[in-house]
2 protein chains.
Amino acid sequence: MTEEVTRALTAAERACRTKGLALTPVRRRVLQLLLESPAPVKAYDLLASLKPDGGAQPPTVYRALDFLTRAGLAHRIEALNAYTACVHVGGRGSAELYICEACGLVEERHRHRAPEDGPDGFHINRSVVEHYGRCSACATAQASA
Amino acid sequence: MTEEVTRALTAAERACRTKGLALTPVRRRVLQLLLESPAPVKAYDLLASLKPDGGAQPPTVYRALDFLTRAGLAHRIEALNAYTACVHVGGRGSAELYICEACGLVEERHRHRAPEDGPDGFHINRSVVEHYGRCSACATAQASA
DNA sequence: CTCCGGTATGTTATAATATTTCATCGGGTG
DNA sequence: CACCCGATGAAATATTATAACATACCGGAG
């Protein structure tokens, strides 16, 4: 486990403790897998990664992912049916994700929406914002090819 | 069939003809179902609606939906695994959708992105923008309850 | 006309994603 | 201890989507 992952896990533990949330072993393990992956991970890939430990079943993974996303420790990427660790440990609410279709890199931005956005009187609870394309490295690689 | 749906279908036919696309019977029928629904429709609900006509199979529906979304006549709502007719017949590219979680109403906005958005050098191919909440009618209904 | 290539559709099967349901465990609290 | 509650285990199943291959139809080339 890289030092970076360790630090992120420690930070997650602290965040959960202060919020009264239980970062149990399964949840912690799933978060670790997300942190270690360079690209978004599918639920069944997580499941496969957990198998060696003990015979995990789908609900185990989905529950852990549900917890992590609620806790703001991970994001679900809707258009990919995949998940990624959140890099802004303290970031509340919804992020905008920039997903490289070449290398899988996910960059995260938090932006507050201008209030005049959207139809009159529409009250937004939750937003999904995902941009697909090429990250800067892959865009230049492609251009030179 | 309401007059509004008829008009939309006619417009779709014209749009396809000018682009050299074939709005075949299945595709047209699926578009009609989308237009007639007040809320987003799931693929398997479309499938069920098509059954009476002839024994349609999943690929039939998914192909039609694929065509319609490519042609800009429908949108896939990623976080719901559902589909809705596009109300901007001529609108190209990606829309921002405002989806009422109470009544299912989908409003559509097209917005051009400021170029400074996103990480440096990231090249966006496609964006998914979905806002979930309450439409103006449902928001006031809820407030009074 | 006939053949051919391409697009669209039909058909069967199966893959991939996700949830329901009920049982069990373990830790805190009265 | 007895109880409750949140978390996990386990089995089954529901939902969403695609693969793979066969067939049909239509246009143009020969």
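Quick note on labels: first sequence line is chain A, next is B, and so on, each numbered from 1.
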Practice problem: With rounding to the nearest 0.5 Å, note down the distance linking CG in B:Leu23 to CG in B:Leu68. | Solution: 7.0 Å
Quiz prompt | Minimal non-hydrogen separation, B:Glu108 against B:Ala95, with atom names | solution = CG-CB, 3.7 Å
Exercise. In whole angstrom, give the distance that lies between atom CD of A:Glu78 and atom C1' of C:dA18.
Key: 13 Å
Quiz item: Within this structure, what is the CG-to-P distance between A:Leu21 and D:dC5, rounded to whole angstrom?
Solution: 19 Å
Polar pairs (N or O, both sides) under 3.5 Å between protein and nucleotides 15-24 of chain D?
| unit_1 | atom_1 | unit_2 | atom_2 | d |
| --- | --- | --- | --- | --- |
| D:dT16 | OP1 | B:Lys42 | NZ | 2.4 |
| D:dA17 | OP1 | B:Arg76 | NH1 | 2.8 |
| D:dA17 | OP1 | B:Arg76 | NH2 | 2.8 |
| D:dA17 | OP2 | B:Tyr62 | OH | 3.1 |
| D:dA17 | N7 | B:Tyr44 | OH | 2.8 |
| D:dA17 | N6 | B:Tyr44 | OH | 3.2 |
| D:dA20 | N6 | B:Arg63 | NH2 | 3.3 |

Quiz item: For B:Leu47 and C:dG10, what is the distance between atoms CG and C1' respectively, to the nearest whole Å?
Solution: 13 Å
Exercise. For residues A:Cys135 and B:Phe122, report the shortest heavy-atom separation together with the two atoms involved.
Key: CA-CD1, 3.6 Å
Self-check item: Atom-to-atom span, NZ of B:Lys51 to P of C:dG10 - whole angstrom
Solution: 12 Å
Self-check item: Separation of B:Leu46 CG from B:Lys51 NZ (nearest 0.5 Å)
Solution: 12.5 Å
Self-check item: Where A:Leu34 and A:Tyr83 come nearest, the two heavy atoms and their spacing
Solution: CD2-O, 3.7 Å
Self-check item: Residue pair B:His75 / B:Thr84, side-chain donor-acceptor N/O under 3.5 Å
Solution: no
Practice problem: Considering only NZ, NE, NH1 and NH2 on the basic side and carboxylate oxygens on the acidic side, decide whether B:Arg126 and A:Glu101 come within less than 4.0 Å. | Solution: no
Self-check item: For A:Asp45, all residues meeting salt bridge (Lys or Arg N to Asp or Glu O under 4.0 Å), sequence neighbours excluded
Solution: none
Exercise. Report, as a single string ordered 5' to 3', how protein heavy atoms within less than 4.0 Å touch nucleotides 24-30 of chain C: B base, S sugar-phosphate only, - not at all.
Key: -------
Quiz item: Roughly how far, to the nearest 0.5 Å, is CG of A:Leu65 from CZ of A:Arg27?
Solution: 11.0 Å
Quiz item: Under 3.5 Å, is there a donor-acceptor pair linking the side chains of A:Asn81 and A:Arg76?
Solution: yes
Self-check item: Inter-axis angle, terminal five-pair segments of the helix from C:dC1-D:dG30 to C:dG30-D:dC1 [nearest 10°]
Solution: 10°
Quiz item: Hey, are the side chains of B:Glu78 and B:Glu130 touching, using non-hydrogen atoms and a 4.5 Å cut-off?
Solution: yes
Quiz prompt | salt bridge (Lys or Arg N to Asp or Glu O under 4.0 Å): pairs with one or both residues in residues 57-67 of chain A, sequence neighbours excluded | solution = A:Asp66-A:Arg70
Quiz item: For DNA chain D, which residues in residues 26-35 of chain A have a heavy atom at a distance below 4.0 Å?
Solution: A:Val26, A:Arg27
Quiz item: Counting only heavy atoms not in B:Asn125, do more than 12 sit closer than 6.0 Å to its CG atom?
Solution: yes
Practice problem: Give a yes/no answer on whether the side chain of A:Thr60 brings an N or O atom under 4.0 Å of OP1 or OP2 in D:dT8. | Solution: no
Practice problem: Nearest whole angstrom, please: distance from the C1' of D:dG6 to the CZ of A:Arg70. | Solution: 14 Å
